[in-house]
Structures are given as C-alpha cells and as structure tokens.
Amino acid sequence: MEPKIIDLPEIVLAGFSFYGDPFRLSGGWTEENEIGRLWSRFMAYLQNHPDRLPPLRDDCVSYEVHIQHPESAERGEYEVFVGMEILRLESLAVELSVKLLPARQYAVFTLSGTQITSDWEQNLVGEWFARSGRRADEGFGFERYDRRFKGLDRVEESEIEVYVPLLPETPPAPPAP
C-alpha cells in the first residue's frame, strides 16, 4: 500500500484524553477497552453539551491521536486523545483538553474494511517505511474519521485515514574529497 505524502498546516483539536494501557480491559477494536470508552465519553459529552465546543472546521470529522511518552515502550502505556478540529482556540470548557498537531509532512494511509481492524501498523505502515527509506517521527500519529467510517458494527463498509508524521529527508552526504 502506497500512502499519499502531504504537507499539513497546524491542526487545533479539542476533546478528551486518556493515559495508560488502553487494552488493559479488552484488546482489539471494541467499545469495551479504554479507547472505546474514551470515544463513548466524548460522544456523550458532545450530545449533552453541544454549546461547549468552539466552532468546528467540520462536524463530521473526528480524530484519534496516539502519543508516545518516554516511558511508553517500557510500560506499555501511552496517551490517546479523541477530538474534533476547532477553527480557533477560544474560551474552552474546563472538561476539554486541547492538542496542537504540528504543521509538517505526513504519510497518509487509507485503510478499508478489515484492514482497519488488522495489525495495519506493523503490516502495512511498517512495511512501507522499510521499503521507502523514509523515517517516521515516533512521537505520535493519528487517525482521521469522516463520513466514510460507518462504525464498528459496519467496519467492512468503512474507510479511515492514518497519518504518520515524517522526519525530514536527509540529503545524501557529499562525496569524500
């Protein structure tokens, strides 16, 4: 699978965050693990308090950001943030957190159907990086959900986009004199 390589401006997100082992309660793509529970909390918040979110860029697009911390590899714990893109950072309800996704170049992988629930990070993304010679910024990555995602109960009919931030390409070293 070949990704699109794109440059994105900074993206400002507002939403909810979790830190820990998101699969402690249940593995895989399920509403029973901490990621599923985080999404449920966020969607309930949106439904119950639609006036507490600043103006959105697109109310049909949401994001799931995975953030590695220095202890993540050792402890198996990391941060997961779910939210929506806001047009501007202004008065924000205290329950909400903000993430600024940096302007940079990203490899964008479109996953369809059962690819979404597969081990795509290793099988699709990892293989492409091994072949391409490009390097990922290991600090974070995110998934973008829009109208093409039909829900966990209809994942076979769905598509999502996975964004992997790229480290700048290093130019080849000049020949030795």
Side-chain angles (χ1 to χ4, degrees), residues 1 3 5-6 8 10-46 53 61-86 89 92-111 114-145 149 151-153 155 158-170:
M1 165 184 290
I5 306 300
I6 63 170
L8 285 181
E10 179 179 75
I11 299 172
V12 182
L13 303 176
F16 286 177
S17 200
F18 165 82
Y19 180 84
D21 177 358
F23 302 110
R24 182 180 58 82
L25 297 176
S26 179
W29 281 66
T30 174
E31 293 176 0
E32 305 304 317
N33 64 31
E34 295 296 348
I35 297 173
R37 293 167 48 134
L38 182 62
W39 275 109
S40 293
R41 277 184 35 233
F42 182 61
M43 295 315 229
Y45 180 85
L46 292 177
L53 211 58
V61 176
S62 54
Y63 294 79
E64 179 177 310
V65 185
H66 293 232
I67 305 156
Q68 301 293 319
H69 292 271
E71 68 279 2
S72 291
E74 176 186 318
R75 296 171 62 189
E77 298 177 338
Y78 55 96
E79 186 175 354
V80 179
F81 175 90
V82 300
M84 300 178 84
E85 185 176 3
I86 58 177
L89 190 55
L92 195 67
V94 70
E95 306 91 65
L96 294 169
S97 297
V98 172
K99 292 292 181 193
L100 303 175
L101 300 178
R104 66 181 330 146
Q105 193 172 67
Y106 291 86
V108 183
F109 298 84
T110 300
L111 305 180
T114 56
Q115 284 180 325
I116 296 169
T117 56
S118 71
D119 188 10
W120 55 262
E121 191 169 16
Q122 182 63 35
N123 296 336
L124 301 173
V125 176
E127 288 175 10
W128 179 79
F129 276 102
R131 282 192 329 270
S132 72
R134 296 295 306 262
R135 294 185 318 144
D137 179 345
E138 302 294 334
F140 75 100
F142 64 91
E143 298 157 25
R144 183 181 180 276
Y145 298 84
F149 184 69
L152 289 177
D153 57 335
V155 76
S158 297
E159 283 188 354
I160 67 169
E161 292 176 336
V162 173
Y163 289 69
V164 181
L166 297 171
L167 291 173
E169 290 185 277
T170 53

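Values reported hereafter were calculated over all heavy atoms of this structure, with side chains retained and with hydrogens, waters and symmetry mates removed.
- The closest side-chain heavy-atom distance from Phe140 to Pro102 is below 4.5 Å.
- With sequence neighbours excluded, no residue satisfies ring-ring contact (aromatic ring centres under 6.0 Å, His included) with Phe81.
- From Arg135, atom CZ reaches atom CZ of Phe129 across 10.5 Å, with rounding to the nearest 0.5 Å.
- Phe109 pairs by the ring-ring contact (aromatic ring centres under 6.0 Å, His included) definition with Trp128, not counting sequence neighbours.
- Leu13 contributes atom CG, which lies 8.0 Å from atom CG of Leu100 (distance to the nearest 0.5 angstrom).
- The aromatic ring centroids of Tyr63 and Tyr163 lie 6.0 Å or more from each other.
- Exactly one of Leu166, Leu167, Leu8 qualifies for a side chain to side chain contact (heavy atoms under 4.5 Å, CB included) with Gln105. That residue is Leu166.
- Proximity of Glu77 to His69: side-chain heavy atoms (C-beta onward) are nowhere separated by under 4.5 Å.
- Interatomic distance, CD1 of Ile67 versus CG of Leu101, reported as 8.0 Å (0.5 Å rounding).
- The shortest distance between side-chain heavy atoms of Glu161 and Val61 does not fall below 4.5 Å.
- The aromatic rings of Trp39 and Phe42 stand perpendicular to each other, their planes meeting at an angle above 60°, with 30° marking the opposite boundary.
- Between the CG atom in Leu111 and the CD1 atom in Ile160 there is a gap of 5.0 Å [rounded to 0.5 Å].
- Considering Glu79, Glu64, Glu10 in turn, Glu79 is the only one that fulfils the salt bridge (Lys or Arg N to Asp or Glu O under 4.0 Å) rule with Lys99.
- Under the salt bridge (charged side-chain N to carboxylate O under 4.0 Å, His left out) criterion, Arg41 pairs with no residue at all, not counting sequence neighbours.
- A donor-acceptor pair under 3.5 Å is absent between the side-chain atoms of Ser97 and the main chain of Phe16, judged by distance alone.
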